[in-house]
Student: 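Here it is, the structure in full.
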Amino acid sequence: MGGQESRTAGRRDRLDRPFFLPTYRPTLLPSYTSPMPVPRLRFAPSPTGYLHVGGARTALFNWLYARHYGGQFLLRIEDTDKARSTDESTRAIFEGLVWLGLTWDEEVVYQGANLPRHQADARRLLDAGAAYRCFCTREELDQRRAEAEARKEPFKYDRRCDALPRDEVQRRVSAGTPFTIRFRVPEGSTGWDDLVHDTISFPNKDIEDFVILRSDGTPIYNLAVVSDDIAMRITIVMRGDDHISNTPKQILLYRALGAELPAFAHLPMIHGLDGKKLSKRHGATAVGDYQHMGILPQAMLNFLALLGWSPGNDIEVMTVPRMVELFSADALLKKASVFDPAKLEWMNGQHLSLLTSAELEPRVTPAIVKAGLATEHELAGRREWYLMLLDQLKVRSRTIDDIVRQAGPYLRDEIAYDPAAEAKQWKDRPATAELLRATRDALAAVGPWEPAPLEESLRALAEARGLGGGKLFQPLRVALTGLAVSPGIFDVLVLLGRERSLARVDAAIRHLAS
RNA sequence: GGCGGUAUCGUCUAGGGGACUAGGACGGAGCCCUCUCAAGGCUCAAACACGGGUUCGAAUCCCGUUACCGCUACCA
């Protein structure tokens with residue numbers, strides 16, 4: 001035991017003397033010269049799926065921090081897990097971030113390209129005595145783990161390879177025995193002042209000597225992350241709080257590599273309505289899904305920002321610049337939140353009505369074209385009319401798709417009569433046909449085709465027949481749109497124009513007679 | 001199991017020892033407006049996880065319990 005102690009003590013001496021890492025120093029220079037280094041943050045997704053709403057929110061907070069505090073926001077693709085990483089995922093992540101407007105300030109860093117540095121860092125730690133070779137095979141480890149489990153004991157690597165005599169290690173290395181490199185966790189405890197959680201600390205005895213380099217020479221996550229964050233001069237590591245237990249390991253690595261520690265901020269998770277971690281069975285979880293549902297990026301951002309952050313003062317609906325302005329790191333919350341699609345939709349409706357029809361146009365047009373309702377050229381040809389239509393529809397829509405769904409009667413030549421609407425509003429078909437004929441005559445006699453004269457004329461007709469407005473307007477609405485629901489009837493008439501309105505009424509009368 | 005994290009209406013949150021009869025928002029119920037549907041306005045129901053402290057006083061501070069979440073790999 002005494003020998004063990006002194007050996008550890010000797011190693012600690014070596015570790016206490018910060019060893020020089022020439023490759024890092026030059027890149028650190030700017031922060032020495034400027035008194036207040038600019039914050040550098042990164043979003044570091046692994047390309048193993050689509051951009052998840054949780055990931056998007058992490059990216060958003062990193063981005064907001066950078067924008068609010070005048071820092072830089074970087075993107076790193078953590079593609080070291082070759083088996084699961086795909087180019088398609090990488091593209092999806094780019095697309096999602098670009099759609100949201102969360103653009104990065106420097107070239108994308110691909111973690112896989114940094115393999116030589118990861119290996120060099122592992123080697124450095126090995127040479128410095130902060131790490132050691134482990135010859136235990138995966139099978140042996142699995143077995144010991146299973147045994148510990150059977151004894152109901154927590155498993156922790158027992159450091160047996162660290163106890164191997166020097167010449168034995170040499171012998172195995174020369175013999176080509178495969179080995180991993182493990183970090184030797186020192187005694188004591190490791191903690192930090194988290195930006196969202198305040199102080200967190202772990203007793204080192206609960207951290208095992210973790211592997212930093214696999215036997216095939218590729219780095220383990222914790223090493224790759226630290227090596228890259230140092231190289232990218234990241235000053236604030238903001239990520240999901242599922243990384244809290246990785247943090248002490250990473251701090252230990254920073255110290256052993258002689259690098260300055262960044263600040264850490266661990267954001268709470270996002271759960272589904274059932275309180276479980278958000279997953280596919282909760283419905284759409286990919287940012288792209290919401291894009292295709294007709295959600296506005298600014299609404300998505302606004303909604304996501306409110307999950308785990310609050311600007312206070314009962315402020316909820318914010319434009320993106322306003323969010324940047326109000327963002328504050330100390331208003332970040334610790335509690336996991338539930339993703340509620342209903343509130344997202346409401347939020348989208350709010351942003352929809354915040355936009356002018358002209359601002360909405362470029363987002364709606366592609367959706368209308370895609371739905372086959374009109375061509376871009378046709379819409380451009382009567383833009384003023386089109387913007388008027390958008391103004392009418394946006395107020396009763398929560399998504400872009402809602403607008404498209406309602407646009408049919410105004411864009412298509414032919415309309416179909418909704419059976420339910422027909423059944424309800426055209427109950428007495430002969431009487432309705434007669435009423436529509438009278439309506440048609442009244443409409444045909446209207447002077448300027450504008451809301452006021454139209455209303456005057458139709459109300460006069462209703463009164464003459466002893467009817468309430470609704471009794472006249474509802475059957476007319478079905479005749480004009482085929483639906484029981486639409487914007488105000490006079491707006492519908494104006495939108496349709498004189499010719500088409502009269503033609504629709506005629507068609508309805510014919511339909512009722514058949 | 002071990003370690004770590006979290007705990008205010010169903011949900012997102014305000015709240016940082018007295019201003020709390022706990023505020024706002026989504027969703028729900030209802031009313032108003034009204035030609036329908038929205039939007040808008042108004043009203044209602046709905047929460048401090050539990051137990052101990054500390055204090056004249058606790059949603060707020062401390063401890064414990066419980067519940068939930070995360071990590072516990074030669075995954076990230």
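To find a chain, count down the sequence lines: A is the first, B the second, and so on, and within it residues start at 1.
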Student: Taking the side chain of L141(A) as heavy atoms from C-beta outward, which of rC26(B), rA76(B), rC74(B) is closest to it?
Tutor: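 Selected nucleotide (nearest to the side chain): rC74(B).
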
Student: Using a heavy-atom cut-off of 4.0 Å across all strands, would you classify S215(A) as base, sugar-phosphate, or nothing?
Tutor: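 If one applies the 4.0 Å heavy-atom cut-off, S215(A) turns out to touch a base.
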
Student: Can you check ring pair (Phe, Tyr, Trp, His ring centres under 6.0 Å) on F339(A) and Y290(A), steps first, answer last?
Tutor: CA-CA 13 Å; F339(A) 187 93; Y290(A) 291 97; 5.7 Å; yes

Student: Touch check for T48(A), heavy atoms < 4.0 angstrom, all strands: base, sugar-phosphate only, or nothing?
Tutor: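 Nothing, no heavy atom under 4.0 Å.
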
Student: What is the distance, to the nearest angstrom, from the CZ atom on R239(A) to the C1' atom on rG70(B)?
Tutor: 13 Å

Student: In whole angstrom, give me the gap between the C1' atoms of rU66(B) and rG51(B).
Tutor: 10 Å

Student: Hey, which of these two, V196(A) or F490(A), hits RNA chain B nearer its 5' end, going by closest nucleotide?
Tutor: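 Nearest nucleotide further toward 5': that of V196(A).
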
Student: Starting from the C-alpha separation in whole Å, work towards a yes-or-no answer on side-chain contact (heavy atoms from CB on, under 4.5 Å) for L306(A) and M318(A).
Tutor: CA-CA 10 Å; L306(A) 260 20; M318(A) 292 168 279; 3.8 Å; yes

Student: Report the C-alpha separation of F490(A) and F473(A) in whole Å, then their side-chain angles, then the decisive distance to 0.1 Å, and conclude whether the ring pair (Phe, Tyr, Trp, His ring centres under 6.0 Å) test is met.
Tutor: CA-CA 9 Å; F490(A) 311 111; F473(A) 304 156; 5.3 Å; yes

Student: Please determine whether salt bridge (charged side-chain N to carboxylate O under 4.0 Å, His left out) holds for the pair E434(A) and R429(A), giving the CA-CA distance in whole Å, both sets of side-chain angles, and the decisive distance to 0.1 Å.
Tutor: CA-CA 9 Å; E434(A) 194 279 321; R429(A) 294 170 80 91; over 6 Å; no

Student: How long is the line joining CG of L467(A) and P of rC35(B), in whole Å?
Tutor: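 After rounding, the reported distance stands at 13 Å.
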
Student: Would you mind classifying the nucleic acid contact of C134(A) as base, sugar-phosphate or nothing, using non-hydrogen atoms under 4.0 angstrom?
Tutor: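 It contacts nothing in the nucleic acid.
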
Student: Does K334(A) contact rA7(B) through a side-chain donor or acceptor facing the base, at a distance under 3.5 Å?
Tutor: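 No pair found.
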
Student: Provide the distance between the two P atoms, one in rA49(B) and one in rU34(B), to the nearest whole Å.
Tutor: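 One P to the other, the span is 45 Å.
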
Student: Can you name the one residue among E345(A), M293(A), Q350(A), M347(A) that meets side chain to side chain contact (heavy atoms under 4.5 Å, CB included) with R398(A)?
Tutor: E345(A)

Student: For L344(A) and rU13(B), what is the distance between atoms CG and P respectively, to the nearest whole Å?
Tutor: 14 Å

Student: Report the distance from atom CG of L333(A) to atom P of rA59(B), rounded to the nearest whole Å.
Tutor: 20 Å

Student: Using Watson-Crick or G-U wobble geometry with both distances under 3.5 Å, which nucleotide pairs with rG10(B)?
Tutor: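 Partner of rG10(B): rC26(B).
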
Student: What is the nucleic acid contact for R145(A), judged by heavy atoms within less than 4.0 Å: base, sugar-phosphate only, or nothing?
Tutor: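 Sugar-phosphate contact only.
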
Student: Which is true for Q350(A) with a 4.0 Å heavy-atom rule: it touches a base, it touches only sugar-phosphate, or it touches nothing?
Tutor: sugar-phosphate

Student: Under 4.0 Å between any heavy atoms, over every strand shown, what does F339(A) touch: base, sugar-phosphate, or nothing? Just pick one.
Tutor: nothing

Student: By the 4.0 Å heavy-atom rule, please label I489(A) as base, sugar-phosphate, or nothing.
Tutor: base

Student: Please work out which residues in residues 303-312 of chain A have a non-hydrogen atom less than 4.0 Å from an atom of RNA chain B and list them by number.
Tutor: L306(A), L307(A), G308(A), S310(A)

Student: Counting only side-chain heavy atoms from C-beta out, which of rG24(B), rC74(B), rG5(B) sits nearest to I200(A)?
Tutor: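 Looking only at heavy atoms from C-beta outward on I200(A), the closest nucleotide is rG5(B).
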
Student: What is the distance, to the nearest angstrom, from the CD atom on E345(A) to the P atom on rU11(B)?
Tutor: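 After rounding, the reported distance stands at 20 Å.
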
Student: Determine the contact category for L213(A): base if any of its heavy atoms lies under 4.0 Å from a base atom, sugar-phosphate if only primed atoms, P, OP1 or OP2 are that close, otherwise nothing.
Tutor: nothing

Student: Which is true for P178(A) with a 4.0 Å heavy-atom rule: it touches a base, it touches only sugar-phosphate, or it touches nothing?
Tutor: nothing

Student: Quantified in whole Å, what is the C1' atom distance between nucleotide rG16(B) and nucleotide rA59(B)?
Tutor: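 Rounded to whole Å, the distance is 11 Å.
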
Student: Tell me what H266(A) touches on the nucleic acid: a base, only sugar-phosphate, or nothing, going by heavy atoms under 4.0 Å.
Tutor: nothing

Student: Answer yes or no on whether R182(A) is positioned over the face of Y157(A), meaning its NZ or CZ is under 6.0 Å from the six-membered ring centre and within 45° of the axis.
Tutor: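 The answer is yes; both the distance and angle limits are met.
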
Student: Roughly how many Å apart are rA46(B) and rA25(B), using the C1' atom of each and rounding to a whole number?
Tutor: 14 Å

Student: Rounded to the nearest Å, what distance is computed from the NZ atom of residue K152(A) to the C1' atom of nucleotide rU72(B)?
Tutor: 18 Å

Student: Are W426(A) and Y417(A) close enough that their ring centers fall under 6.0 Å?
Tutor: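 Aromatic pair counts; centres sit under 6.0 Å.
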
Student: With both distances kept under 3.5 Å, what pairs with rA49(B), Watson-Crick or G-U wobble?
Tutor: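 Checking every strand shown, rA49(B) finds its partner in rU65(B), with both distances under 3.5 Å.
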
Student: Looking for any heavy atom pair under 4.0 Å, which part of the strands does Y221(A) touch: base, sugar-phosphate only, or nothing?
Tutor: base

Student: In this structure, how many angstroms lie between the P atom of rA38(B) and the CD atom of Q406(A), rounded?
Tutor: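 It works out to 11 Å between those atoms.
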
Student: Can you check whether any acceptor in the base of rA76(B) is under 3.5 Å from a donor in the side chain of N246(A), or vice versa?
Tutor: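 Indeed, a donor on one side and an acceptor on the other fall under 3.5 Å apart.
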
Student: On RNA chain B, nearest-nucleotide positions of T80(A) versus A336(A): which is more 5'?
Tutor: A336(A)

Student: Salt bridge or not between R145(A) and D142(A)? Use side-chain N to carboxylate O under 4.0 Å.
Tutor: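 So R145(A) pairs with D142(A) through a salt bridge.
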
Student: Give a yes or no on whether a salt bridge exists between E140(A) and R144(A), defined as a side-chain N under 4.0 angstrom from a carboxylate O.
Tutor: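 Yes, this pair counts.
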
Student: Can you measure R398(A) atom CZ to rC37(B) atom P for me and round it to whole angstrom units?
Tutor: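 To the nearest whole Å, that distance equals 16 Å.
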
Student: For rU54(B) versus rC44(B), give the span between their C1' atoms, rounded off to a whole number of Å.
Tutor: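 The same atom, C1', in both gives a distance of 39 Å.
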
Student: At less than 4.0 Å, is any side-chain N or O atom of K335(A) found next to OP1 or OP2 of rC12(B)? Yes or no.
Tutor: yes

Student: Checking contacts here: which listed nucleotide (rA73(B), rG5(B), rC26(B)) is nearest the side-chain heavy atoms of E208(A)?
Tutor: rA73(B)

Student: Is it true that, when you exclude E325(A) itself, more than 12 heavy atoms of the residues, nucleotides or ligands shown sit nearer than 6.0 Å to its CD?
Tutor: yes

Student: For the residue pair W192(A) and F202(A), categorise the inter-ring angle as parallel (less than 30°), tilted (30 to 60°) or perpendicular (more than 60°).
Tutor: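 Parallel, since the angle between the ring planes stays under 30°.
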
Student: Could you give the distance separating rC37(B) and rG28(B) at their P atoms, to the nearest angstrom?
Tutor: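 It comes out at 15 Å once rounded to the nearest Å.
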
Student: Given E422(A) and K424(A), is the salt bridge (charged side-chain N to carboxylate O under 4.0 Å, His left out) satisfied, shown in steps?
Tutor: CA-CA 5 Å; E422(A) 224 178 320; K424(A) 180 149 192 235; over 6 Å; no

Student: Give me the residues of residues 479-486 of chain A where at least one heavy atom lies under 4.0 Å from an atom of RNA chain B, by number, or none.
Tutor: A484(A), V485(A), S486(A)

